[in-house]
Amino acid sequence: ARNTSHQVSRRAFVRLFGVGLGASLLAACQQPAPATPTSVPAAQPTPPAAPTAPAATQPTQAAPSTKGQVTLRFSAWHMTEKVWGQSINEALAIFKQQNPNIDVQQEPVAYGEMVAKYTTQSQQKNAPDVFTLPAFAFGSFFDQGFTLPLDDFVKAEGANFLSQWHEVAIGACTYNGKLHAMPDEIMAMVLAYNAEMFEAAGLDPNHPPETWDEFLDVAKKLTNGTTQWGFGMVGAKDPGFPLRFNSVVWSFGGDFLTPDNKQSALDKPETVEAFTFYVSLNNEHGVIPPGATQANPQDVRTMMAQKKIAMKIGSGWTQTIVNSLNPDLKAFEVIRAAPMPYKRQRVTTAFLKAHMISASSRYPEEAWKLIKFLTSREIATKWFKDNGVTPSRKDVAEIPEIKNHPFASVVSAEVARARFEPLIPHWPQIVDAFTTATQEAITKQKSPEQALGDAHRRINQILARG
């Protein structure tokens with residue numbers, strides 16, 4: 001049966017913001033527990049021009065800088081990407097014009113390294129003044145007091161300032177009643193596929209696979225085993241792995257944790273079934289290119305750009321990044337989006353990114369100016385037009401360019417049934433245990449049952465430490 005406690009009904013979806021979200025979602029997302037799904041209209045891409053200690057005492061806001069030239073350190077994984085990097089450079093040039101007394105020093109970081117790096121820097125009280133994280137890391141950073149509450153800044157902006165953002169995004173950035181980050185983009189994961197490769201294999205690109213059984217059949221037809229494979233799998237130890245794999249587990253009716261987040265749910269028959277199916281795509285059916293356990297999201301996007309794979313799991317950013325990797329592919333024409341395949345229930349993963357101020361920042365007022373700028377209507381629109389990402393801002397989500405694009409419309413519809421990864425401090429450790437199990441099974445170091453059983457025990461040990 002469908003797990004309605006984690007999903008927004010379509011009626012509520014439409015009622016609350018055009019393609020909306022339920023009021024109960026906000027309450028759920030304000031707790032450090034698995035969030036319920038969200039919704040927000042999607043963007044139209046255009047061609048590019050360890051156990052945690054008890055909750056820490058919340059840091060007090062430092063005295064703002066009042067004079068002289070200030071240099072802010074700003075770090076985000078997008079700085080390492082070609083199209084995003086250019087877009088950020090252009091935005092920061094605008095910020096400099098508007099704030100001549102503030103210099104911004106960029107500190108690029110790889111997506112797979114950001115959590116470890118920011119954690120170490122925060123423990124040493126040397127984190128960037130402003131840094132960017134996806135939702136899966138919120139719980140750990142908020143709980144350990146690494147981020148500065150933004151409530152005083154928000155209050156100074158006026159009573160209706162936060163009303164410009166979707167409630168679920170604000171809720172996910174809220175911890176123990178305090179706002180710790182400002183949301184940027186929010187999107188749903190979808191199945192991206194190459195329509196031309198479908199046609200060449202005798203498949204109808206207007207009818208992508210709906211179920212996992214259909215997906216497997218299509219993937220086999222798209223695989224020759226030497227130069228082309230049906231599906232690109234992210235199997236590296238990378239935050240992008242759970243973002244993509246969660247949907248598989250959930251759609252089979254499985255889960256990673258029990259509803260109270262107190263125990264592992266990897267022993268559920270449905271979870272075992274999903275895990276076994278996913279591993280079989282590589283080990284039994286051969287529809288995955290070699291080296292899956294080393295492939296990160298950018299590796300898989302590169303495979304799609306080179307037409308080595310026909311399908312992958314992605315979101316609003318897929319067309320723009322694939323196009324930048326190989327403009328000759330004409331990704332905006334041939335790469336399409338479809339809802340994630342399902343077994344027992346239609347469900348997908350929600351992606352949220354937000355900006356936060358380090359609790360040790362010497363320049364909190366200037367840092368707030370930068371965050372306010374990065375999440376402004378002007379810049380949220382730029383992020384969408386440059387990078388194809390769906391904004392958390394309501395006033396940008398309603399622009400015609402976002403509402404009318406074929407790829408973006410799929411992302412938009414799917415957010416209605418999207419779920420966040422559990423927003424709890426232990427989640428990164430849990431992901432590591434599960435990713436290790438997947439790699440052990442794919443490389444045949446262990447059977448799928450043994451690998452999953454070991455991960456189940458390890459996760460329970462992590463949770464038992466509190």
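What you see below is based on every heavy atom in this structure, not just the backbone, and it leaves out hydrogens, waters and symmetry mates. This structure is a prediction, so every number in the text was calculated from the model and none was measured. Residue numbers start at 1 and run along the sequence shown.
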Salt-bridge test for [X] and [Y]: reply yes if a basic N is under 4.0 Å from a carboxylate O, no otherwise.
| X | Y | answer |
| --- | --- | --- |
| R346 | E210 | yes |
| R393 | E378 | no |
| K372 | E157 | yes |

Exercise: identify the closest heavy-atom pair between [X] and [Y]:
| X | Y | answer |
| --- | --- | --- |
| G232 | P289 | CA-CD, 4.5 Å |
| G230 | T223 | N-OG1, 2.8 Å |
| Q319 | I335 | NE2-O, 2.9 Å |
| A91 | K382 | N-CE, 3.9 Å |

Just how far is it from atom [atom1] of [X] to atom [atom2] of [Y], taken to the nearest 0.5 Å?
| X | Y | atom1 | atom2 | result |
| --- | --- | --- | --- | --- |
| L222 | I309 | CG | CD1 | 11.0 Å |
| M340 | W212 | CE | CH2 | 4.0 Å |
| L191 | F215 | CG | CZ | 6.5 Å |
| D129 | L72 | CG | CG | 5.0 Å |
| E196 | K330 | CD | NZ | 9.0 Å |
| S324 | N387 | OG | CG | 9.5 Å |

Report the relative orientation of the aromatic rings in [X] and [Y]; use parallel for angles under 30°, tilted for 30 to 60°, perpendicular for over 60°.
| X | Y | result |
| --- | --- | --- |
| F241 | F245 | parallel |
| F256 | W250 | perpendicular |
| H180 | Y175 | perpendicular |

Side chains of S392 and D184 in contact at under 4.5 Å (non-hydrogen atoms):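 Sidechains of D184 and S392: no contact.
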
Evaluation steps, side-chain hydrogen bond (donor to acceptor under 3.5 Å, both in side chains), between Q106 and N89: CA-CA 9 Å; Q106 294 187 52; N89 287 337; 2.7 Å; yes

Working for side-chain contact (heavy atoms from CB on, under 4.5 Å), residues I313 and V300: CA-CA 9 Å; I313 299 172; V300 174; over 6 Å; no

Residue from Y111, W383, W317 passing ring-ring contact (aromatic ring centres under 6.0 Å, His included) with W84: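 Only one of Y111, W383, W317 forms a ring-ring contact (aromatic ring centres under 6.0 Å, His included) with W84, namely W383.
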
Does a side chain donor of either [X] or [Y] reach within less than 3.5 Å of an acceptor in the other side chain?
| X | Y | value |
| --- | --- | --- |
| T302 | K308 | no |
| H355 | T132 | yes |
| S140 | Q144 | yes |

Y118 and F146: CA distance, side-chain angles, deciding distance, ring-ring contact (aromatic ring centres under 6.0 Å, His included) verdict: CA-CA 9 Å; Y118 295 157; F146 291 161; over 10 Å; no

Among I371, L374, I357, the one residue meeting side-chain contact (heavy atoms from CB on, under 4.5 Å) with M182: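 Exactly one pass, corresponding to I371.
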
Exceeds 12 heavy-atom contacts within 6.0 angstrom, atom NZ of K82: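 No, because the 6.0 Å sphere around NZ of K82 holds 12 heavy atoms or fewer from other groups.
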
